[in-house]
Number of protein chains: 2
Amino acid sequence: MPIKDAPLAASNDEDISLGRLGEFVGFRLRRIQNHLSSEFSTETGRYGLRPGEFSALAIISANPGLSQVMLSREVGLDKSATVMVVDDLEKHGFAERRRSPVDRRRHALYTTEKGEAVLSAMFDKLATVERDVLTALEPDDLHLLNALLDRIYKTAFRG
Amino acid sequence: MPIKDAPLAASNDEDISLGRLGEFVGFRLRRIQNHLSSEFSTETGRYGLRPGEFSALAIISANPGLSQVMLSREVGLDKSATVMVVDDLEKHGFAERRRSPVDRRRHALYTTEKGEAVLSAMFDKLATVERDVLTALEPDDLHLLNALLDRIYKTAFRG
DNA sequence: TATTGTTATACTCTATAACTATA
DNA sequence: TATAGTTATAGAGTATAACAATA
């Protein structure tokens, strides 16, 4: 009776157990988000952007004229990191800084036409990527999932 | 009629809009997971571990004797990065390498008693952290959320 | 004094490539 | 030849601290 190749408790992939780790929502979130973000990264990379820069561009687009500190808070970066993000967006011609007329310390941020076009194309592409990942869920389930996630976010981090 | 301080479209926090970004599940996942992982990081740090090392220790505990490449795949790291993770776990006395008796290239990984004790304490603490974050959800909702996330993971990344 | 944006810098995390020892 | 583990190294990504301009 030959013992194939698996004399140890966990020698092949199927055997891997999560133990108590499987009890954590945080673990499940990270697992899915890791995969999603690596696919996102591939797509945004086609336009020369990193995922964080895409998010920043999207926030600027949705909030024309916002300042860099506001952008920083929204994307969860330090303001110094945001400087480089905006530098890069300007270098690509996707966004621009204008001096705020009311507070000359501030830069008011705006997207360019080119930035809007690229953003639109990326949104479409990313929606496709996400749809492929979420095939397991019917539209109703998807709404439910979003509602649950929003409730967590609002209660725990905004409430 | 004084115009307080907000002459621009998005000058104070409440005004910030997500635009199409709000359509993406990936965005919601990342937002929550960012917060959770920074709180996790604080807690695991009390024991001298980074979140990735905690996960690795948990996986070793649940799969005694597994090899470093198996661990790598499970935690989503390159095998070279795993070397350093295991080095650190050994340094803390939380885990140990033993030569695999069946394949002398392999290291069979095991937790120590000390490692198990610390792991248990961390699990308890992290469960508390997570419970605080998830107060918005009733137990039923929580189960639902986990089920949805598992379905996504299995279908998209394992199926 | 406090805030906005900036620079310089350092640190963490992770991947790549080249190596060794085994298989 | 291929795989497990290791080392050295380099590249992201991000934070901290100090600074200039402005409020």
Side-chain angles (χ1 to χ4, degrees), chain A residues 4-8 10-13 30 34 37-38 40-42 44-45 48-56 60 65-91 95-109, chain B residues 4-8 10-13 30 34 37-38 40-42 44-45 48-56 60 65-91 95-109:
Chain A
K4 273 178 59 184
D5 182 40
L8 299 172
S11 285
N12 64 61
D13 285 18
R30 187 159 55 88
N34 278 351
S37 76
S38 80
F40 270 40
S41 184
T42 304
T44 60
L49 295 184
R50 287 159 290 181
E53 295 178 340
F54 163 75
S55 301
I60 295 170
L66 89 169
S67 71
Q68 291 186 192
V69 281
M70 284 189 284
L71 178 59
S72 302
R73 199 166 328 153
E74 200 58 24
V75 298
L77 288 179
D78 187 84
K79 57 183 177 150
S80 66
T82 300
V83 172
M84 289 179 283
V85 168
V86 177
D87 281 352
D88 214 47
L89 291 177
E90 276 198 322
K91 213 174 298 165
E96 60 185 33
R97 293 168 162 105
R98 303 186 201 152
R99 271 291 158 199
S100 163
V102 289
D103 183 340
R104 290 179 40 229
R105 291 173 304 183
R106 291 189 194 169
H107 280 150
L109 304 175
Chain B
K4 274 178 59 184
D5 182 40
L8 299 174
S11 285
N12 65 62
D13 283 17
R30 186 158 56 89
N34 278 350
S37 76
S38 81
F40 270 39
S41 184
T42 303
T44 60
L49 294 185
R50 287 158 291 181
E53 295 178 338
F54 162 75
S55 301
I60 295 170
L66 90 170
S67 71
Q68 291 186 193
V69 282
M70 286 189 284
L71 177 59
S72 303
R73 200 166 326 155
E74 201 58 24
V75 298
L77 289 179
D78 186 83
K79 58 183 177 153
S80 66
T82 300
V83 172
M84 288 179 285
V85 168
V86 176
D87 281 352
D88 216 46
L89 291 177
E90 276 200 322
K91 212 173 300 164
E96 60 186 31
R97 293 168 163 106
R98 303 185 201 153
R99 272 290 159 198
S100 164
V102 290
D103 183 340
R104 292 183 34 234
R105 291 173 304 183
R106 290 188 195 171
H107 281 148
L109 304 175

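Proteins get letters first, then strands, A, B, ... in listed order; numbering begins at 1 in each.
Of all nucleotides in DNA chain C having an atom under 4.0 Å from a heavy atom of chain B, the first and last in 5' to 3' order are C:dC13 to C:dA23.
The backbone N or O of B:L49 lies less than 3.5 Å from a partner atom in the side chain of B:T44, making a donor-acceptor pair.
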Steps toward side-chain contact (heavy atoms from CB on, under 4.5 Å) verdict (A:Q68, A:R97): CA-CA 9 Å; A:Q68 291 186 192; A:R97 293 168 162 105; 2.9 Å; yes
Side chain to side chain donor-acceptor pair (under 3.5 Å) assessment of A:R99 paired with A:H107: CA-CA 5 Å; A:R99 271 291 158 199; A:H107 280 150; 3.2 Å; yes
CA sep, side-chain torsions, deciding dist, call: A:E96, A:L89, side-chain contact (heavy atoms from CB on, under 4.5 Å): CA-CA 8 Å; A:E96 60 185 33; A:L89 291 177; over 6 Å; no
Distances under 3.5 Å between protein N/O atoms and the N/O atoms of nucleotides 8-11 of chain D, please, pair by pair.
none

Check nucleotides 2-4 of chain D for protein N or O atoms closer than 3.5 Å to its own N or O atoms and list the pairs.
residue: D:dT3; atom: O4'; partner: B:R105; partner atom: NH1; Å: 3.4
residue: D:dT3; atom: O2; partner: B:R105; partner atom: NH1; Å: 2.7

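In this structure, B:R97 reaches the sugar-phosphate backbone alone: every heavy-atom distance under 4.0 Å involves primed, P, OP1 or OP2 atoms, never a base.
In this structure, the separation between CD1 on B:I60 and CG on B:L109 is 4.5 Å, given to the nearest 0.5 Å. How far CE of B:M70 is from OG1 of B:T82: 12.0 Å, rounded to the nearest 0.5 Å. Between the CG atom of B:L66 and the CG atom of B:L71 there is a distance of 5.5 Å, given to the nearest 0.5 Å. Once rounded to the nearest 0.5 Å, the distance linking CG of A:D87 with CD of A:E53 reads 10.0 Å. One finds the OG atom of A:S72 at 8.5 Å from the NZ atom of A:K79 (value rounded to the nearest 0.5 Å).
Residue order along DNA chain D, read from the 5' end via each residue's closest nucleotide, puts A:R50 first among A:R50 and A:D78. With the nearest nucleotide of DNA chain D identified for both A:L77 and A:R99, A:L77 has the one nearer the 5' end.
In this structure, the CZ atom of B:R30 is 13 Å from the C1' atom of D:dG13, given to the nearest Å. As rounded to whole Å, 15 Å separates atom C1' of D:dA12 from atom CG of A:L49.
Of all heavy-atom pairs spanning A:T42 and A:S38, the tightest one is OG1-O, 3.0 Å.
Between the side chains of B:S55 and A:R30, at least one donor N or O sits under 3.5 Å from an acceptor N or O.
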